[in-house]
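Encoded as C-alpha cells, the structure appears first; notes follow it.
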Amino acid sequence: MHLLVKLSTTLRDHVPDYQPNPGLELSDIPEESTVAQVAAGLNIPAEEIKIVMINGRQCALEDVLRDGDRLALFPAVGGG
Amino acid sequence: MSFEFRILRVDMAARTCTFEPVPQEYTGLGGRALTSTIVAREVDPTCTPLGPHNKLVFAPGLLGATNSPNSNRLSVGCKSPLTGGIKESNAGGQPGGHLAKLGILAIIVENMAPEGEWWQLELGKDKACLVPSTVTGLNNFDAVAKLVEHYGDKCSYITVGRAGEVKLTAASIACTDRELRPMRHAGRGGVGAVMGAKGLKAIIVNPEGGEAAPLVDADAFRSASKRFAKALAEHPITSKGLAQYGTAVLVNILQEAGGLPTKNFTVGQFAEHENLSGETLNKLTKERGGEGKVAHGCMSGCVIRCSGILPDKKGKFQSKWPEYETLWCFGPHSGISDLDKVSRFDYMCDDFGVDTIDVGVAVGVAMAGGGIPYGDADAALAAVAQISEGTPLGRVLGCGTATTGRVFGVRRVPCVKGQSLPAYDPRAVKGVGVTYATTPMGADHTAGYAVTANILACGGKVDPLKKEGQIELSRNLQVATASVDSVGLCLFTAFAILDVPDALPAIVDMLNAKFGWKMTGDDVVTLGQRILTTEIDFNRKAGIGIGQDRLPDFFTDEPVAPHNTNFDFTNEELATVFNWRDEVKELEKNRK
C-alpha cells in the first residue's frame, strides 16, 4: 500500500535526504502494517516518538495503517 | 535585616515617588496575584481605562531575585483599555529580576501627568525619581539605545514606543533582554496605552547595590531549586525542544492537527506552512550564521532558551525568532508565507510597541474586509509601518482586531471581550476554545493552555475534536496558570510541571523555604482560584457579565476544514468552568 509520512524536528535526522515538502512517499508497504512497523522500517526509534497522527487524528504506535493514509510522527514538542 | 520588600507608589500628577511598607492585604503575594489584587482594591472597575483613576501596576513574582531557574518574569496589571476588564500581561527580559533585587514588591503608577508632558522614572537602590523624558517621540529601539548611552549597559529598561504615546489599545510595554534589546513585551490588552496615558515614557532600573532576596531556609531553598532545575533538564520540551526550534515548533503540529487558523479562521490548514516552521527557523539561522543564535535565553536564570535570534541574509541581526503566534497571525491567517517578511513585522511591532497578536490578527481581518490585499506581504508591512506614523489606518490597526473589524465592516471578527484569538482554531482544539471564551483576560491561550493535552500529549490526553473533558481541563489549567503567573515563572516551565512529578513539589518547597511558609500543593490550587475570583469579580463590577464568556457565533455556525467540526459548547456548559463561584452554583440550582 501507499503512505505519505511527515516527520517533525529531530525525527527528520533519522531519514537521510528527508524533504519536508512533500514528505516521504512510501509505496510497497505491506497491508496491515502498524505505525510501529513503518517507523522501524525508517530506522526511527519508537522511544523518540511521542505523538502519532493518522490523517490528522491522534493515534497509537500499534494502530494499523490503511492504503493512502497520511502518517505524521512527532517527538515531544511544545511552545505557546 | 537590611533587605525589606516595599511598594513604590508613583503619582504622575504630583510627581512624587514614595516607598511604602507592604500593607497586610498585599503580603505573601507576587506577580499576577499581586497586580490583580492591587487593581481590584485600588481601581474603580467602572473608571475610564485611559483616565486618571486607572492604575498601572508592575510586580515581579514570588521567586524573583532568587536562584530558581526561569523565575524573573514581570507582571503588569491595570484595567484594560482593550477589554474594559482587568488585565495581567507578563513579560520576560531583565527588569523583573532587577526590580526584585531592589526589594520592590510592586510599582503602582497612579494619576496622570499634565497633557503633553512625558517623564521617565529612574530607579535604583532606595532611590526613585521622575525626570523629564529624554526619549519622547522615539520608538523602542532608538529610545533604549539613547537611554543606554546615558544610564549605561548595567541597567534594564521598560519603555513604550509611539503606539503607547498615542494610546493605541493594542500598545505593549517593552522590557529589555540581556543584550539590551526591547524585545520582551507585556503584549496583551493595551497595557502600553495605559503607561502612555500616565505620561510615563520609560522606567530605568539600575540593579546596582541590589541583592538576592533573603531566604528563611537557604539550604532547603538550594536543594528545592536544584530539583526544579533537574525537572526542567529532564523534560524534552524544556531541555531541548524549545531551545532548538523556538515556539515556532508548533506550526507543523497544528497544521497536521488541522488547527492552524488560515485566512481569517476560514480553514484549519495552510499549504505553505513549512516555510514558517521551527525547523525552517533553525535551519536558516544556522545557514546564515553571523549574529544569528539558536538557543537564546531572554532573561537571567533561563534554562529553556526559546528566544533565538534570526539573522538577515548577510548574517546581521534581523529580529528575535518570531513566536509561533506572530508567525501565525502575519502568516497563515494573513496568507503570507515569507519568513523574512514575518520577521520584519515582528521587529516593527517590538519597535513601535504593539501586541503582535492583536495587530497581526487585525492585518488578516483588514484583508477580509478589503482594506489590504489578501496575502500581500509588502502591502501589509506598509500598512503596519503606518502605526508609527500615526496615520488613520495605522491607528486603526494599532487599536487591534476588534477596532479593525468594525472599521472594515468584517463579519468574522475573532475576538472575545475585545481581545483577539491566538493561533489555535477553537473548533479543532476545543479545550483552548473553552479558555478563550471564559478567561477574564479576553481571548488568551496562555490563560489555560489546553493545547497541552489536546495536541501535545502533555499532562494527559484529551481528544481536541470532542467536548468530553475540555471544561475540566480548561478549569484546571486556568487555576494552575494563575498560580504560575504569580510565582514569576515562565509559563513554559508548565510542560515540566505537567509531566515531571517532582516539579510542582519543588516549586512549593522553594516558596516554603523562601518565606517560611507551610504551603502544600492544594494551597496552589486555592491561590489560583482566589486570583481568578478577584479578577472575575472586578469584571462583573466593570459590567462584563457571564454572558460575555462566549466565542463569536461564526465558530458555532461554521464548521472548519479539514475535520469539519464546530465549537459546540452550550452557554450552560461554558458557565460551569468556574464552578466554585456562587453565581455558577446559583445558575446550576435554577436549572434543576
Side-chain angles (χ1 to χ4, degrees), chain A residues 2-26 29 34-36 38-39 42-80, chain B residues 235-242 244-259 268-269 271-275 277-280 282-283 306 323-325 422-424 428 445-446 449 451-452 454-458 461-465 490-492 494-496 498-499 562-563:
Chain A
H2 289 73
L3 294 176
L4 175 62
V5 181
K6 302 284 277 187
L7 302 175
S8 161
T9 62
T10 48
L11 300 185
R12 294 179 178 180
D13 301 341
H14 298 291
V15 181
D17 303 324
Y18 174 79
Q19 296 298 321
N21 289 316
L24 211 53
E25 289 179 43
L26 301 179
I29 299 289
T34 63
V35 175
V38 172
L42 293 170
N43 299 316
I44 299 173
E47 62 272 17
E48 290 185 22
I49 301 170
K50 173 87 184 262
I51 300 160
V52 176
M53 287 193 208
I54 302 174
N55 303 322
R57 301 295 308 262
Q58 294 219 8
C59 294
L61 277 169
E62 51 278 10
D63 285 343
V64 175
L65 293 154
R66 303 269 168 257
D67 185 42
D69 274 349
R70 177 189 171 102
L71 170 67
L73 303 176
F74 300 86
V77 293
Chain B
H235 196 282
I237 296 177
T238 47
S239 64
K240 288 193 290 283
L242 278 163
Q244 289 300 311
Y245 304 101
T247 56
V249 75
L250 293 175
V251 170
N252 282 341
I253 196 162
L254 266 302
Q255 162 76 15
E256 203 58 38
Q269 288 181 318
E272 294 158 281
H273 61 96
E274 186 66 40
N275 293 353
S277 69
E279 289 89 336
T280 301
N282 173 295
K283 186 164 160 271
C306 71
E323 303 294 344
Y324 167 62
E325 312 294 332
Y424 315 84
H445 59 301
T446 67
Y449 192 62
V451 181
T452 46
N454 276 187
I455 303 290
L456 305 174
C458 183
K461 281 189 186 180
V462 175
D463 188 330
L465 302 178
C490 168
L491 192 53
F492 295 157
F495 293 112
L498 287 167
D499 282 339
H563 298 298

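Letters A, B, ... mirror the listed sequences (proteins, then strands); counts begin at 1.
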Which heavy atom of [X] sits nearest to which heavy atom of [Y], and what is that distance?
X: A:Val77; Y: B:Val249; answer: CG1-CG2, 3.6 Å
X: A:Ile51; Y: B:Ala457; answer: CG1-CB, 4.0 Å
X: A:Met53; Y: B:Ile253; answer: CE-CG1, 3.6 Å
X: A:Gly80; Y: B:His445; answer: C-NE2, 3.6 Å

Original post:
Is there a donor-acceptor contact under 3.5 Å from the side chain of A:Gln58 to the main chain of B:Ile455?
Top reply: yes
Rounded to the nearest 0.5 Å, how far apart are [atom1] of [X] and [atom2] of [Y]?
X: B:Leu456; Y: A:Phe74; atom1: CG; atom2: CZ; value: 10.0 Å
X: A:Arg57; Y: B:His563; atom1: CZ; atom2: NE2; value: 6.5 Å
X: B:Asn275; Y: A:Asn21; atom1: CG; atom2: CG; value: 7.0 Å

Heavy-atom distance under 4.5 Å to chain A: side chain of [X], backbone, both or neither?
X: B:Leu491; result: neither
X: B:Lys240; result: neither
X: B:Asp499; result: side chain

Original post:
For chain B, which of A:Gly56, A:Pro20, A:Pro75 has the most heavy-atom pairs under 4.5 Å?
Top reply: A:Gly56
Original post:
Tell me, do B:Tyr245 and A:Thr10 make a side-chain contact under 4.5 Å, heavy atoms counted?
Top reply: yes
Original post:
Is it true that A:Lys6 and B:Glu279 have a side-chain N and a carboxylate O under 4.0 angstrom from each other?
Top reply: no
Original post:
B:Thr238, B:Thr280, B:Val451, B:Thr247: which one forms the most heavy-atom pairs within less than 4.5 Å of chain A?
Top reply: B:Thr247
